Amino acid sequence: MVADSPTVEDRTVMEPDGGAMAELYTRYVPAGIRLAYLLTGDRTQAEDLAHEAFVRCVGRFQHLRAHTAFDAYLRRAIVNLHTSGLRRRTTEREWLRREGPRAATTVSTQRDVGEREDLWRALSTLPSRQRAALVLRYYEDLSERDAAEALGCSLAALKSLVARGSDALRASLSSYAPEGDDR
């Protein structure tokens, strides 16, 4: 026996359109937010959790076995997302406990954002070939030979461009250095 094709009503339940999604949202998400709030204790986190679960459930709506049990699927998705978030935070905390001190020393030796901004501002004032030579050599970390090939110049010309660009940058950045800073 051949199964009948789904009726129009069955299709709207199986594949919600904009109106059906809005109805699902208004019917089930407020309860989902309340559940998520009880799990997280934070209103904004609860809203994010409930909205993420709703998007995931609606995205998989046609695969749900019982479309009338959307609220149960949504609750399960909220709990699963919350549990996954807890696991992720536990893993992050463990990593920070293990690697945090080492990562903190690495970060503390880096220049601050303001100094990087000054560097990029000074770099933008250089002639284009000097800027390209410095970027290829130090930012892209190309060897002298590869950088010269990329610029289409000789190795000696590249070395000259890098030296002149470095000198110009050094002079430009010395005017940005705060007093008492010997870097």
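Nothing here was measured: the structure is a model prediction, and the numbers come from that model. Only this structure's heavy atoms are used, side chains among them; waters, hydrogens and symmetry mates stay out.
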Inset, instruction - Answer yes if Val55 and Tyr73 sit in the same cluster of Ile, Leu, Val, Met, Phe, Trp and Tyr residues linked by side chain heavy atoms under 4.5 Å apart, and no otherwise. - result: no
Inset, instruction - Give a yes or no on whether Leu155 and Leu136 share a hydrophobic cluster (residues Ile, Leu, Val, Met, Phe, Trp, Tyr; joining criterion: side-chain heavy atoms under 4.5 Å apart). - result: no
What's the spacing between [X] [atom1] and [Y] [atom2] if we round to 0.5 Å?
X      : Y      : atom1 : atom2 : value
Ile33  : Asp48  : CD1   : CG    : 9.5 Å
Cys57  : Tyr28  : SG    : OH    : 11.5 Å
Ser172 : Asp118 : OG    : CG    : 8.5 Å
Arg164 : Leu134 : CZ    : CG    : 10.5 Å
His82  : Gln45  : NE2   : CD    : 8.0 Å
Arg75  : Asp71  : CZ    : CG    : 4.5 Å

Inset, instruction - With salt bridge (charged side-chain N to carboxylate O under 4.0 Å, His left out) as the test, would you mind laying out the steps for Glu149 and Arg145 before giving the verdict? - result: CA-CA 6 Å; Glu149 187 177 311; Arg145 184 175 314 281; over 6 Å; no
Inset, instruction - Look at the aromatic rings of Trp120 and Tyr139 and report parallel, tilted or perpendicular, splitting at 30° and 60°. - result: perpendicular
Electrostatic pair [X]-[Y], nearest N-O below 4.0 angstrom:
X      : Y      : answer
Arg89  : Glu92  : no
Arg170 : Asp167 : yes
Arg43  : Glu47  : yes

Legend entry - Derivation of the side chain to side chain contact (heavy atoms under 4.5 Å, CB included) call for Leu81 and Arg56: CA-CA 10 Å; Leu81 283 171; Arg56 289 184 183 199; 3.2 Å; yes
So, [X] side chain and [Y] main chain: donor-acceptor pair closer than 3.5 Å or not?
X      : Y      : answer
Thr26  : Ala22  : yes
Thr91  : Arg87  : yes
Arg137 : Leu142 : yes

Measure across [X] and [Y] and return the closest heavy-atom pair with its distance rounded to 0.1 Å.
X      : Y      : answer
Gly32  : Ala50  : C-CB, 3.9 Å
Ala133 : Leu161 : CB-CB, 3.8 Å
Ala53  : Leu74  : C-CD1, 3.7 Å
Cys153 : Arg129 : CB-NH2, 3.6 Å

Legend entry - Step-by-step side chain to side chain contact (heavy atoms under 4.5 Å, CB included) determination, Ile78 to Glu52: CA-CA 8 Å; Ile78 289 170; Glu52 178 66 24; over 6 Å; no
Inset, instruction - Establish, from distance only, whether the side-chain atoms of Asp42 and Thr44 form a donor-acceptor pair under 3.5 Å. - result: yes
Inset, instruction - State, without any angle test, whether Asn80 and Thr83 hold a side-chain donor-acceptor pair at a distance under 3.5 Å. - result: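 There is no such pair between these side chains.
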Inset, instruction - Assess whether ring pair (Phe, Tyr, Trp, His ring centres under 6.0 Å) is satisfied between Phe54 and Tyr25, documenting all intermediate values. - result: CA-CA 8 Å; Phe54 179 79; Tyr25 184 87; 5.2 Å; yes
Legend entry - Step-by-step side chain to side chain contact (heavy atoms under 4.5 Å, CB included) determination, Leu169 to Leu119: CA-CA 8 Å; Leu169 266 182; Leu119 174 64; 4.2 Å; yes
Inset, instruction - Dump the intermediate steps for side chain to side chain contact (heavy atoms under 4.5 Å, CB included) on Leu123 and Val135, then the final yes or no. - result: CA-CA 9 Å; Leu123 192 62; Val135 167; 4.0 Å; yes
